[in-house]
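First up is the structure itself, then whatever we jot down about it.
What you see below is based on every heavy atom in this structure, not just the backbone, and it leaves out hydrogens, waters and symmetry mates. Numbered from 1 within each chain, the chains take letters A, B, ... in sequence-line order.
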Amino acid sequence: MDQNSPDYEFTNIEPTWQKYWDEHKTFKASEDTSKPKYYILDMFPYPSGAGLHVGHPLGFVATDIFARYKRMKGFNVLHTMGFDAFGLPAEQYAIEHGVHPAISTEKNIANMRRQLYQLGLAHDKERSISTTETSFYRWTQWIFTLLYDCYCDPEEQKAKPISDLLAALEAGTVQANTETKKIETSAEQNADVWNGLSDNEKTDFISSQRLAYMSELPVNWCPELGTVLANEEVTNQGRSERGNFPVYKRPLHQWMLRITTFAERLLEDLSLVDWPEPIKMMQRNWIGKSEGTEILFELDAIPGEKLRVFTTRADTLFGATYMVLAPEHPLLDTITTDDQKASVETYIASISDKSDLERTDLAKDKTGIFTGNYALNPVNGKSIPIWVADYVLMSYGSGAIMAVPAHDERDFEFATKFDIPITQVIEPFEKGDAQELPYSGEGRLINSEGYTGMSFKEAGLKITQDLEEKGCGKLSIQYKLRDWLFSRQRYWGEPFPILHGEDGEIIPVGEDQLPVELPPMEDFRPRSYSDPDTLPTPPLGRATEDWTSVERDGKTYRRELNTMPQWAGSCWYYLRYIDPTNSEAFCSPEKEKYWMGENGVDLYVGGAEHAVLHLLYARFWHKVLYDLGHVSTKEPFGKLFNQGYIQAAAFVDERGRYAPATEIEEKDGDFFYQGAKVKREFGKMGKSLKNSVSPDEVCQEYGADTLRLYLMFLGPLESMKPWSSKGIEGVHRFLRKIWREIVAIDGKLSSKITDGDETDAETTRLLQETIKKVTEDVEALRFNTAISQMMIFANHLQKVKKFSIESVQTLLQLLSPFAPHMAEELWNRLGATDSISLSQWPSFDPSKLETAEVRVVFQINGKFRGNAMVPRDASQEDVVKVAQADKRVIAHLAGKEIRKIIYIPGKIINFVVG
RNA sequence: GCCCGGGUGGCGGAAUGGUAGACGCAGCGGACUUAAAAUCCGCUGACCGCAAGGUCGUGAGGGUUCGAGUCCCUCCUCGGGCACCA
């Protein structure tokens, strides 16, 4: 394709209109309450050093089209884009390129802004922000102090200020249980317990309730990255998502966010949002709610001490033939008998050396050892041996289980290996169903004394009830979700607004002292280690004394040296778009109410890779802000849409190396690089597969309008599809076709255009159909079929001799969200003085869609045998007559008896024959 | 292993239970041109047939229905998620 085609000069047109929109602030969003609002959002992009490839704009173009459409439909649209520029990827890029992240980040943002600009996106540029700006992260820090100053009220399941808790404790309306670290409510008011506590105990208890807290817990320590990572940032191979380095569990003192207290609401409120079902499912699985029974087992040799387990199958209690403790279980030492002490210690040592990877994936074989001690089954007093095994996890339930080998695959495997008895207590309802053990299905109880014969469901409830009466059991709910590890030992992140006193006192930096700015540091690199036993050292520890040390009321404090993780900024950026320059608040309440409306963000588009991480974290923060009255919706993102990835062909040679996709020659279905045969595969576009296609190249060669159109024409937005530069000619031809129908070779308007109403009936009908189809398709984000329909109409215009200016103006309006530059240019040449982007979306007249005649298909036994035009309101009799006069129908009916006739007016007439 | 989402021409993909393959790419033939590019017209699922037309055809096999790519059951296969969560 020659970019200097004499007719359609997109190289001039596109920059002209981009400048026009800029200068006229065409897409500036303001709080115009006379119009309904529409808030459309793209997932927060990270400004990669590699720049965009054509896969990135897929979602950006989709939201742009939809936003432009909504604007033309009369909505006040908020659509902008900022940059998630803090975090590991940005910092790793800086390290790899030997640049300071502040510099590389700024450069990468500038490049990305340029790339986005040339796509003609209708963003409100004045609302663009970056998480690395102090005016932004001061509010990230502010929200952190809110989390620090809050607890979750167990009754109301609601975040409230710590001062409320203190007041309640002092008034005695709630009690502090210092054992379980739980807030308990009791009938009578009693402040004695609280008043009896020492100051330290009080502080400890309060800390144990804060939504942001410090804790020493086994965390994911990645020595090579020099930082700890959240569970979500560790692959199931036990390596870091970024860099694929080994990760070790180490108990370290870290900041955590108590997201677990919101587990139930995060689960429940999924019903409030319009999200793809698979994403909701992933969140449900991640939260992992499980209803069951908590059972207390007395210990044979240790009176008074009890072992707490959680089970979802209380009905199988009579089948519990052994117990298992997690290796980290606090009672393990107490329980282990003297003769077993040595072997247990050897066992613990053998597994503590293992990484998570070895403990889970590779260790298919169960390991464990007997502790020497026994527990008593509360239903029958039988003693049950207690083992320790690493297949039980300390982090779930109580870190101990009752093992029922007959009805649990894992327990069965373990029992078989260690010769532990297996007692069947459930048999299938239908005898003859899978009798083989382990059987984990439904059934009725056997070998269970008084419960024998009951259905498993009934028995589960009854046993739980009976245990509860005896005080050794109760219904219980467990979640897989863990608290969120929130600190990183890295430089490029938001500093914590926290000060540490010499005596261990922790105080937040006051609101008037925010932001705590990241100190400029030459040496920002993390210390990385190959020895997993080294402790992390945050780079901020090397900042100058005047930053790390702070005076408050005559006391010296040390700043928190960790930084926040990547996810912090993306938890609330959508609220800042609403009021990006506010220096008094993160967002003004009035603007928040207007733009968030009833359901929050009206459309949120992004990849499915954020299904649990970002979306769960952001929902959590939003709920806290909601509880504290800072936002007005329960959920941040009312509707979510996942766009599919764009894949591209990549070519591997014999030695497994990737050859540049641009230099591949194809011959008879085989592919060659420099004469050598290579194999084709498909993968995510990127540097490593050497198959990136930059939007810059495509824009230069075909223009942004063509790229936008092609990205949308490739296939359904939600599905994964391969990029091929071949097909792009098609949509480019379509645009040029429209151009030529409107502009003659001499640059004047085409002589085919007539003034006044459309005179051609078919053009009128097809235009109506096109308005209808495009409107419905855009509304449902089916951009590919909307484009097809416009192609059909353009092909029609080409065939007719004349068409009205009005018809073609309407077409341009339909086209304008997709190819805005060309649409503006032609709209302008047709005489308009205002932007097409501000014109009103065409509506269709259903009555004009109806034709006097309709095509009815003839079928014999459901098989197509012909068709004919009949009057729209033709009766069955009339249609039968027409059909029976058809040659093919006659042939197929010959000698057969008509048993039945099915007539669907305007569609088919079907003869059922014998 | 469990839970989702797919499988339709040479390719990307269209089809409220009602003509499978819209639209586009690629391919073939033609027009225009000194020639090319661009553009336009025609053909293009497979097989049989001069044609009219017929038979088959949406991963495989069964079923429901007058009629199934579409609904139900079983299986194969690709992609994604979770994975000792008691």
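Annotation: B:G30 and B:A36 have their P atoms spaced 12 Å apart (nearest Å). Comparing the same atom, C1', in B:U74 and in B:C56 gives a spacing of 25 Å after rounding to whole Å. The C1' atoms of B:A20 and B:C78 are separated by 23 Å, rounded to the nearest whole Å. Look at the P atom in both B:G67 and B:G18: the space between them is 14 Å, to the nearest Å. Between the C1' atoms of B:G79 and B:C84, the separation comes to 26 Å (whole Å). Nucleotides B:G69 and B:U64 are separated by 16 Å at their P atoms, to the nearest Å. B:A31 and B:C23: their C1' atoms are spaced 25 Å apart (whole Å). Rounded to whole Å, the separation between the C1' atoms of B:G59 and B:G53 comes to 31 Å.
Counting to the nearest Å, the P atom of B:C11 and the CD atom of A:Gln647 are 16 Å from each other. Put simply, CD on A:Gln283 is 14 Å from C1' on B:C82, counting in whole angstrom units. Rounded to whole Å, atom P of B:A86 lies 7 Å from atom NZ of A:Lys480. We find that CG of A:Asn285 is positioned 13 Å from P of B:G81, with the value rounded to whole Å. Rounded to whole angstrom, the span from the NE2 atom of A:His407 across to the P atom of B:C84 amounts to 23 Å. When rounded to the nearest whole Å, the span between CD of A:Glu741 and C1' of B:U39 equals 11 Å. If you take CD1 of A:Ile745 and C1' of B:U39, they are 10 Å apart, rounded to a whole angstrom. Nucleotide B:A86 holds its C1' atom 8 Å from the OH atom of A:Tyr391, rounded to whole Å.
Secondary-structure annotation of RNA chain B gives the stems B:1-7 with B:76-82, B:10-12 with B:23-25, B:27-31 with B:39-43, B:45-48 with B:53-56, B:59-63 with B:71-75, with a stem taken as at least 3 successive Watson-Crick or G-U pairs whose two distances both fall under 3.5 Å.
Not a single donor-acceptor contact under 3.5 angstrom links the side-chain atoms of A:Lys907 to the base of B:U19.
Near RNA chain B, meaning a heavy atom under 4.0 Å from it, residues 770-785 of chain A has A:Asn784, A:Thr785 in order of number. Remark: A:Phe713, A:Leu714 in residues 706-715 of chain A come within less than 4.0 Å of RNA chain B through at least one heavy atom.
Residues A:Arg482 and A:Thr260 bring no donor and acceptor atom of their side chains to less than 3.5 Å of each other. One side chain, A:Glu609 or A:Tyr645, offers a donor N or O that lies under 3.5 Å from an acceptor on the other. Under the 3.5 Å distance criterion, with hydrogens and angles disregarded, a donor-acceptor pair is assigned to the side chains of A:His732 and A:Thr706. Using modelled atom types, one finds a donor on one side chain and an acceptor on the other under 3.5 Å when comparing A:Tyr347 with A:Thr367.
A ring-centre distance under 6.0 Å is found for A:Tyr710 and A:Trp723. Ring centroids of A:Phe414 and A:Tyr322 are separated by less than 6.0 Å, placing the two rings close together.
Looking only at side-chain heavy atoms (C-beta outward), A:Leu893 and A:Gln884 come within less than 4.5 Å of each other. Taking 4.5 Å as the limit, every side-chain heavy atom of A:Ile898 sits out of range of all side-chain heavy atoms of A:Val912. A:Thr785 is listed as a side-chain neighbour of A:Lys773, based on a closest heavy-atom distance under 4.5 Å.
Residues satisfying the salt bridge (Lys or Arg N to Asp or Glu O under 4.0 Å) test with A:Arg313, not counting sequence neighbours, are A:Asp315. Partners of A:Asp886 according to the salt bridge (Lys or Arg N to Asp or Glu O under 4.0 Å) rule, which considers only residues two or more places apart in sequence or in another chain, do not exist here. Considering only residues two or more places apart in sequence or on other chains, A:Tyr396 meets the side-chain contact (heavy atoms from CB on, under 4.5 Å) condition with A:Ser290, A:Phe310, A:Gln478, A:Lys480. The salt bridge (Lys or Arg N to Asp or Glu O under 4.0 Å) search around A:Lys896 returns none, not counting sequence neighbours. Under the side chain to side chain donor-acceptor pair (under 3.5 Å) criterion, A:Asn691 pairs with no residue, sequence neighbours left out.
The 5' end of RNA chain B is approached more closely, in terms of each residue's nearest nucleotide, by A:Lys721 than by the other of A:Ile787 and A:Lys721. Comparing A:Gln478 and A:Met281 along RNA chain B, the residue whose closest nucleotide (by nearest heavy atom) sits nearer the 5' end is A:Met281.
At least one test fails for A:Lys289 against the ring of A:Tyr479: distance under 6.0 Å to the centre or angle within 45° of the axis.
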Nucleotide-resolved protein contact map, nucleotides 26-31 of chain B, B/S/- at heavy-atom distance under 4.0 Å: S-----
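Looking at heavy-atom distances under 4.0 Å, A:Asn795 makes contact with sugar-phosphate atoms alone, never a base. Residue A:Gln798 is in sugar-phosphate contact alone, with no base atom involved, counting any heavy-atom pair closer than 4.0 Å across all strands shown. Note on A:Met720: only backbone sugar-phosphate atoms sit closer than 4.0 angstrom, heavy atoms only; bases stay farther off.
With a glycosidic angle no further than 90° from 0, B:G9 counts as syn.
Comparing B:G13, B:G81, B:C23 against the side chain of A:Ser788 picks out B:C23 as the nearest. When the nucleotides B:C40, B:A86, B:C23 are ranked by their closest atom to the side chain of A:Leu393, B:A86 comes out on top. Distance from the side chain of A:Pro278 is smallest for B:C4 among the nucleotides B:C4, B:G13, B:U39. The side chain of A:Val857 lies closest to B:U19 when the candidates are B:U19, B:C84, B:C82.
Between A:Met394 and A:Pro330, the closest heavy-atom pair is CE-CD, 3.8 Å.
Taking the six-membered ring for Trp and thresholds of 30 and 60 degrees, A:Phe783 and A:Phe818 have ring planes more than 60 degrees apart, a perpendicular arrangement. The aromatic rings of A:Tyr617 and A:Trp484 sit parallel to each other, their planes meeting at less than 30°, with 60° as the upper class boundary.
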If you restrict it to nitrogen or oxygen atoms, what contacts under 3.5 Å exist between nucleotides 65-69 of chain B and the protein, and what is each distance?
{"residue": "B:C66", "atom": "O2", "partner": "A:Asn910", "partner atom": "ND2", "Å": "2.3"}

Tabulated below should be each protein N or O lying under 3.5 Å from an N or O of nucleotides 48-54 of chain B; please produce it.
{"residue": "B:G54", "atom": "OP1", "partner": "A:Arg865", "partner atom": "NH1", "Å": "3.2"}
{"residue": "B:G54", "atom": "OP1", "partner": "A:His892", "partner atom": "NE2", "Å": "2.8"}
{"residue": "B:G54", "atom": "OP2", "partner": "A:Arg888", "partner atom": "NH2", "Å": "2.9"}

Indicate every side-chain donor-acceptor pair of residues 899-906 of chain A with a distance under 3.5 Å to a residue at least two apart or in another chain.
{"residue": "A:Tyr903", "atom": "OH", "partner": "A:Ala874", "partner atom": "O", "Å": "3.1"}

CA sep, side-chain torsions, deciding dist, call: A:Thr293, A:Thr464, side-chain hydrogen bond (donor to acceptor under 3.5 Å, both in side chains): CA-CA 7 Å; A:Thr293 307; A:Thr464 304; 2.9 Å; yes
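Within 6.0 Å of CZ on A:Arg765 lie more than 12 heavy atoms contributed by other residues, nucleotides or ligands.
The side chain of A:Gln789 places no N or O atom within less than 4.0 Å of a non-bridging phosphate oxygen (OP1 or OP2) of B:C23.
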